[in-house]
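Since the structure comes first, as structure tokens, the remarks are kept for the end.
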Amino acid sequence: MEIDTMQFDTKLLHAGAVPDPATGSRQVPIYQNIGYVFKDVDHAARLFNLQELGYIYTRLTNPTIAALQERVAHLEGGVGAVACSSGHAAQIMALFALMRPGDNIIASSRLYGGTVTQFSHTIKRFGWSATFVDTENLAALEAAADENTKAIFCESLANPGGYVTDIPALAEVANRLGVPLIVDNTSATPYLCRPFDQGAHIVVHSTTKFMTGNGTSLGGVVVDSGTFDWSAVSGKYPALTEPEPAYHGLKFHESFGGLAFTFHGIAIGLRDLGMTMAPQNAFQTLLGIETLSLRMQRHVENAVKVAGWLETDHRIEQVSYAGLPSSPFYSRVQELYPRGAGALFTFAVKGGYDACVKLVNSLELFSHVANLGDARSLIIHSASTTHRQLTEEQQIASGALPNVVRVSIGIEDAADIIKDLDQALTKATS
Ligand SMILES: *Cc1c(COP(=O)(O)O)cnc(C)c1O
């Protein structure tokens, strides 16, 4: 059966995973290996010149990592994918092919706290910058662009504010500006959202979260739709269209067409930045993905139950979850994310900062961690932890207020999750 003809749940198990050609091993083996023996010098030369595809060195390519790349590309409906050592590495990798010193991106103001920090400060060391815009204001989004704007960046389900992005609307703006729309699809996963179906051009993931789903393995992936024309405006994306001195003047777009971005990511990005995923982590992520649909279904079911219970509780001020009819984004979820709004949400506790601290300290089943997307239920008080580095203005813009906690609802029995919140809220607000 052709992979392309398979349903999503079948692809979770079969995409990228043929039985191992050397041994017949049914599960993808962990190729814990660095170098690959060349047939002869001529073979080696062809590999190094990108005239023949094959394995050279694990910083660039590895069979276990390749299986994961192929699986994620199929799940997202893209033409190719590059795995990276973390989600943050994947973000730098996605921008690396597009940006020169002096270039900028337009970023949604509702992003994961670590991404806001990466984009506000660290990328400036490369001579790049980001302008943060409220993506509900499409006119402001478009007005923020100048001739050095090279991409728009957003999250599908934004973490942690209960925000749901109108990807088709942003894709329209991106198309008018002639730049790719990059979507961080970490919180939604391709089970809840396939950004390419809605017009996005590039997807990035932190596979650390729901994709692996068990809190064991850091990783990231950049996926390319293959639909963006890098040559439409001459000289706008020189890394992809101009002669590459490190490959005897090879032009990626001319030579590899729709795969230019992916090949550049491997041949230049991984080779020279070295942010390669570990083969062991690729294996863990492949295993996790096998059960992605089953887990996400339960995550969403539980999140709806828990958020609904919290909303009616007198100790709670407000619940921000797009899966509740009270959310201003509920109708957008029905339209664009029909399988649900994910498992992350925030709620405001009566009693402010102090009550939040007591709540976090009193929970027994929930783990107080900086992670999300584990099979277990997790909680964090963003204002005092993940969003600590942000200014108060940025905290408010991203929904990380002092009286607000973020939960990542796990796949335990929902009754136990609610029971734990109930006892901890009693302690926090008495
Ligand atoms: C965790 C996360 C990241 C960063 O991923 P790492 O794997 O921790 O580097 C980026 N975006 C979102 C939405 C995340 O949740």
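What you are looking at is a predicted structure, and each value in this text was computed from that prediction instead of being measured. The first residue of the sequence shown is numbered 1, and numbering continues consecutively from there. Ligands are counted one by one from 1 in listed order, and the atoms in each one are counted from 1 as well.
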[X]-ligand 1 polar pair, N/O distance under 3.5 Å:
| X | value |
| --- | --- |
| Ser187 | no |
| Gly87 | yes |
| Thr208 | yes |
| Ser206 | yes |

For [atom], grab the closest protein heavy atom and report residue, atom and distance to one decimal in Å.
| atom | value |
| --- | --- |
| atom 14 (C) of ligand 1 | Lys209 NZ, 3.0 Å |
| atom 4 (C) of ligand 1 | His88 ND1, 3.5 Å |
| atom 12 (C) of ligand 1 | Asp184 OD2, 3.4 Å |

In this structure, is the centre-to-centre distance between the rings of Phe256 and Phe263 below 6.0 Å?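 Centroid separation for Phe263 and Phe256: below 6.0 Å.
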Arg332 and Thr165: CA distance, side-chain angles, deciding distance, side-chain hydrogen bond (donor to acceptor under 3.5 Å, both in side chains) verdict: CA-CA 8 Å; Arg332 187 176 290 169; Thr165 303; over 6 Å; no
Could you list which atoms of ligand 1 come closer than 4.0 Å to a heavy atom of Gln91?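 Answer, ordered by atom number: 10 (C), 11 (N).
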Could you list which atoms of ligand 1 come closer than 4.0 Å to a heavy atom of Glu155? 13 (C)
Whether the [X] and [Y] side chains hold a donor-acceptor pair (N or O, under 3.5 Å, no angle test) is what I'd like checked.
| X | Y | result |
| --- | --- | --- |
| Thr115 | Gln91 | yes |
| Asn104 | Asp146 | yes |
| Glu244 | His264 | no |

Residues Arg110, Asp134: salt bridge by 4.0 Å N-O rule: yes
Could Arg339 and Tyr191 be counted as a cation-pi pair, given that NZ or CZ must be under 6.0 Å from the ring centre and within 45° of the axis?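 Flagged: Arg339 positioned over aromatic ring of Tyr191.
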Below 4.0 Å from ligand 1: does a non-hydrogen atom of Gly219 turn up there or not? yes
